[in-house]
Amino acid sequence: MPSVFSHAVASVGISACFYRPGIPKSVWLAGALCSVIPDLDVVGFRFGIHYGDFLGHRGFTHSVAFAILLAGSVLIFAFSRGVSDLSRPALWVYLFLATASHGFLDALTDGGLGVALSAPFDNTRYFLPWTPIRVSPIGFSRFFSARGLAVVRSELLWIWVPTALLIVAVWFIRPAARQTPNPPAVLK
Ligand SMILES: [Zn+2]
């Protein structure tokens with residue numbers, strides 16, 4: 001996996017594509033959480049679930065189907081009343097993309113098993129044809145090892161920099177992102 005930080009950073013880039021000043025911050029927080037939730041599957045290691053299993057690391061929680069379900073669940077349970085300045089379908093698409101970005105980025109890494117993108121229909125593990133991101137060690141302590149520096153460098157280059165460029169591009173392309181929110185109606 002890329003590190004948890006980089007998954008969250010990627011979600012910020014997706015947030016920029018949907019950003020309007022009137023949308024509550026809880027939406028962006030939910031997107032960031034959705035982008036890191038798939039890696040909770042590492043808990044399975046403690047319970048004897050193997051890496052290559054359906055519920056193993058990079059298994060079902062990294063699939064497109066999981067992203068569809070998680071986005072729908074967050075929409076229903078966290079934002080059942082909808083949010084201002086973002087339609088429900090757009091909110092679902094945002095949450096879906098934030099979650100699905102995780103498996104996509106993992107499939108760009110150069111190690112571990114691939115990603116079960118099409119689970120539960122097919123448990124095949126996939127990598128994308130191009131894998132420029134150094135795979136991050138599993139576990140926080142091992143992240144601060146010699147290999148950690150190379151991982152950080154590749155994540156900065158292939159995730160953080162493209163995300164920053166995306167945010168700058170969106171800022172120029174989408175006037176809606178620059179508008180100030182409508183002031184609340186004055187009650188008389
Ligand atoms: Zn992952």
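Atoms within a ligand are numbered from 1 in the order they appear, just like the ligands themselves. Index from 1, following the sequence. Note that the structure is a prediction, hence the values are computed from the model and not measured.
Counting just the N/O/S atoms of Asp106, the one with the shortest distance to the Zn ion (ligand 1) is named OD2. Considering just the N/O/S atoms of Asp39, the one nearest the Zn ion (ligand 1) carries the name OD1. In terms of distance to the Zn ion (ligand 1), the nearest N, O or S atom of His62 is named NE2.
Between Phe79 and Trp92, the distance from one ring center to the other does not fall under 6.0 angstrom. Ring centroids of His57 and His50 are separated by 6.0 Å or more, keeping the two rings apart.
At least one N, O or S atom of His102 sits under 2.8 Å from the Zn ion (ligand 1). Because the distance cut-off is set at 2.8 Å, His57 fails to qualify as a neighbour of the Zn ion (ligand 1), as none of its N, O or S atoms comes that close.
For the pair Asp106 and Arg58, the salt-bridge criterion is met [side-chain N within less than 4.0 Å of a carboxylate O].
Residues that satisfy the salt bridge (Lys or Arg N to Asp or Glu O under 4.0 Å) test with Asp122, not counting sequence neighbours, are absent from this structure. Partners of Ser118 according to the side-chain hydrogen bond (donor to acceptor under 3.5 Å, both in side chains) rule, which considers only residues two or more places apart in sequence or in another chain, do not exist here.
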